[in-house]
Trainee: 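Supplied in structure tokens, the structure appears directly below.
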Amino acid sequence: MQTARTGRGRHRVAAATTATAAKGAEEVSRLRGGRSLHRVGRSYTATLRVPAGAPAGAGPLSEPGEHEVIARLSKSTGLPGGLPDIVGVALRVRHGALAVDLLFASTGMLPVARHVLRPRRAFLPGPYTTLLPYDVGGRTRVLGLFPAGCRRLPADVGRLDAAVAAEPLTFTLATAAPLGRWTPVAVLVVHTPRRDDDPATVAFDPVLNALPGLRPIGPFMRLRRLAYAGSRTGRGAPAPSAEWPGA
């Protein structure tokens, strides 16, 4: 009996914490007049190249060829370029007439560090991961983006367009078991700027825009769902469409 009461008490605490966090995201978004986090960024058209022999059951990551992508590079708090910040990459990948959203943030690369946010002064170099696990074709995996080469690009959003015009940004997309080794599965090339007022980049949501074989999983799903919804409510943004723009 005591164990049951303790379990119910923990559930109530967890539910209250989740609701508080979601409400906090809503209020921050309302006060900032935009995204609660990653408000400062630029969006681009990109291409995801999946090689032959891709793992089965993982949506666009299982289909060899080139896939249309909308990519947004951003800074979490919007600090000036010279100051460390959490930097991120949001992807909207086309899968037929559907859109799949994947969100990455600056982290470490090693088994424990890939689950920990890491502020830095540059968009490149340095790894990005989803931090939390995904179901990737029936396997529990973390997704990562790793810039190609040793190119350096300061975390200054105002310099992004010129950098992309000079040379597209290229990343290796890889997956790994939560504590396992990284396996490359695709190449992402970010190449063409999009309008700042592009409605396709108003909001990304990896919980809403997911597939059965490519979706976030784990104990924080309810928190993530409510936090994304709260951020949109706070700034009056609609939920992102599950359909690819113009499909």
Trainee: Can you list the steps and then say if L214 with D135 is a side chain to side chain contact (heavy atoms under 4.5 Å, CB included)?
Mentor: CA-CA 6 Å; L214 187 58; D135 174 351; over 6 Å; no
Trainee: Could you tell me whether a side-chain N or O of Y128 sits under 3.5 Å from a main-chain N or O of V87, the two making a donor and an acceptor?
Mentor: no
Trainee: Check whether any side-chain N or O of T130 sits under 3.5 Å from a backbone N or O of L143 as a donor-acceptor pair, and report yes or no.
Mentor: yes
Trainee: Can you give each donor-acceptor pair under 3.5 Å made by side-chain atoms of residues 55-62, sequence neighbours left out, with the distance rounded to 0.1 Å?
Mentor:
{"from": "S62", "atom 1": "OG", "to": "P55", "atom 2": "O", "distance (Å)": "2.3"}
{"from": "S62", "atom 1": "OG", "to": "G57", "atom 2": "N", "distance (Å)": "3.3"}
{"from": "S62", "atom 1": "OG", "to": "A58", "atom 2": "N", "distance (Å)": "2.7"}

Trainee: Before accepting this row, confirm whether a basic side-chain N of the pair R120/D85 lies closer than 4.0 Å to the acidic partner's carboxylate O.
Mentor: no
Trainee: Kindly check if the number of other-residue, nucleotide or ligand heavy atoms within 6.0 Å of CZ (R151) is above 12?
Mentor: yes
Trainee: May I ask you to decide if R194's main-chain N or O and R42's side chain share a donor-acceptor pair within less than 3.5 Å?
Mentor: yes
Trainee: Looking at K75 and A155, would you say the former's side chain and the latter's main chain have a donor-acceptor pair under 3.5 Å?
Mentor: yes
Trainee: Any chance CZ of R159 has more than 12 other-residue heavy atoms, nucleotides or ligands included, within less than 6.0 Å?
Mentor: no
Trainee: Is it true that the side chains of H67 and T47 contain a donor and an acceptor less than 3.5 Å apart?
Mentor: no
Trainee: Got a list of side-chain donor-acceptor pairs under 3.5 Å for residues 174-185, not counting sequence neighbours?
Mentor:
{"from": "W182", "atom 1": "NE1", "to": "M109", "atom 2": "O", "distance (Å)": "3.1"}

Trainee: Using the rule side-chain hydrogen bond (donor to acceptor under 3.5 Å, both in side chains), only one of R94, H95, R92 pairs with E68; which is it?
Mentor: R94
